[in-house]
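To start, the structure under review is shown below, and the notes come after it.
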Amino acid sequence: SLIAISRAMNLDRDGVKKMGESAPKFSLMIKFFMRYFLSPERIMEKAGEMWKKHYTVGNLEIVEINNQDNYMKGGLYDIKMHPIMCDYLTGYFSTIIAMGVGKKTKGEETKCIHKGDNYHEFTVSW
C-alpha cells in the first residue's frame, strides 16, 4: 500500500520519510507508549517487544545507545522488505525518539540489506 500511496501522491524518498515521521503523531497507542517509556533505552526495549506483537517477521533490537553524544542505533534483523519501507521507517523511528527525548531528531538508515549489509540499522541523533 505504501508504494501505491507514494505513486498516487508523487512522493519521492524524502516524501515517504516525512510520511513515516507523521505516522506516530496520529497513533493513540504510540502516544500512550511514549507517556510511560520516555528514556531512549526504554523506548527501544519496548519497541522491540511491540514489533514482535504486531509483525510476524523481523526483530527490532538495540544496537547502541550513546547518551553522551546523543544518538542511538536500532537494528532490524531477519526481514526482507521493499526499499521504500527503509525511508518510511527512518522517519517513523526518528519521530518516536523525538517524542521520547523531547528534542528535534535526525534519522538515517546507516546499514541496509539492499546495499549489501546483513541487516537494517537506523541511527537517530538529537
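Counting begins at 1 with the first residue of the sequence. Worth knowing before you read on, the calculation uses all heavy atoms, side chains too, and leaves out hydrogens, waters and symmetry mates.
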Heavy-atom closest pair, residues [X] and [Y]:
| X | Y | value |
| --- | --- | --- |
| Ile96 | Pro24 | CD1-CB, 3.7 Å |
| Gly74 | Val63 | C-CG2, 3.8 Å |
| Trp51 | Val57 | NE1-O, 3.0 Å |

[X] atom [atom1], over 12 foreign heavy atoms within 6.0 Å:
| X | atom1 | value |
| --- | --- | --- |
| Asn118 | CG | no |
| Asp12 | CG | yes |
| Lys73 | NZ | yes |

CA sep, side-chain torsions, deciding dist, call: Glu121, Thr110, side-chain hydrogen bond (donor to acceptor under 3.5 Å, both in side chains): CA-CA 5 Å; Glu121 180 181 84; Thr110 47; 2.7 Å; yes

Separation of [Y] [atom2] from [X] [atom1] (nearest 0.5 Å):
| X | Y | atom1 | atom2 | value |
| --- | --- | --- | --- | --- |
| Tyr88 | His82 | OH | NE2 | 15.5 Å |
| His120 | Leu60 | NE2 | CG | 11.5 Å |
| Asn66 | Thr123 | CG | OG1 | 11.5 Å |

Treating [X] as the side-chain partner and [Y] as the backbone partner, does any N or O pair qualify as donor plus acceptor under 3.5 Å?
| X | Y | result |
| --- | --- | --- |
| Lys80 | Ile113 | no |
| Thr95 | Glu21 | yes |
| His114 | Met81 | yes |
| Ser94 | Thr90 | no |

Same cluster or not: are Phe122 and Tyr71 linked, directly or through other Ile, Leu, Val, Met, Phe, Trp or Tyr residues, by side-chain heavy atoms under 4.5 angstrom apart? no

Give the intermediate values and the outcome of side-chain contact (heavy atoms from CB on, under 4.5 Å) for residues Asn67 and Trp126. CA-CA 10 Å; Asn67 287 314; Trp126 60 91; 3.8 Å; yes

Kindly assign one of parallel, tilted or perpendicular to the pair Tyr119 and Tyr77, based on the angle between their ring planes and the thresholds 30° and 60°. parallel

Applying side-chain contact (heavy atoms from CB on, under 4.5 Å), run through Leu2 and Met19 and close with a yes or a no. CA-CA 10 Å; Leu2 190 55; Met19 242 176 80; 3.2 Å; yes

Stepwise side-chain contact (heavy atoms from CB on, under 4.5 Å) test for Ile79 and Tyr55: CA-CA 10 Å; Ile79 186 171; Tyr55 298 98; over 6 Å; no

Does a salt bridge link Lys46 with Glu49, judged by any charged N lying under 4.0 Å from a carboxylate O? yes

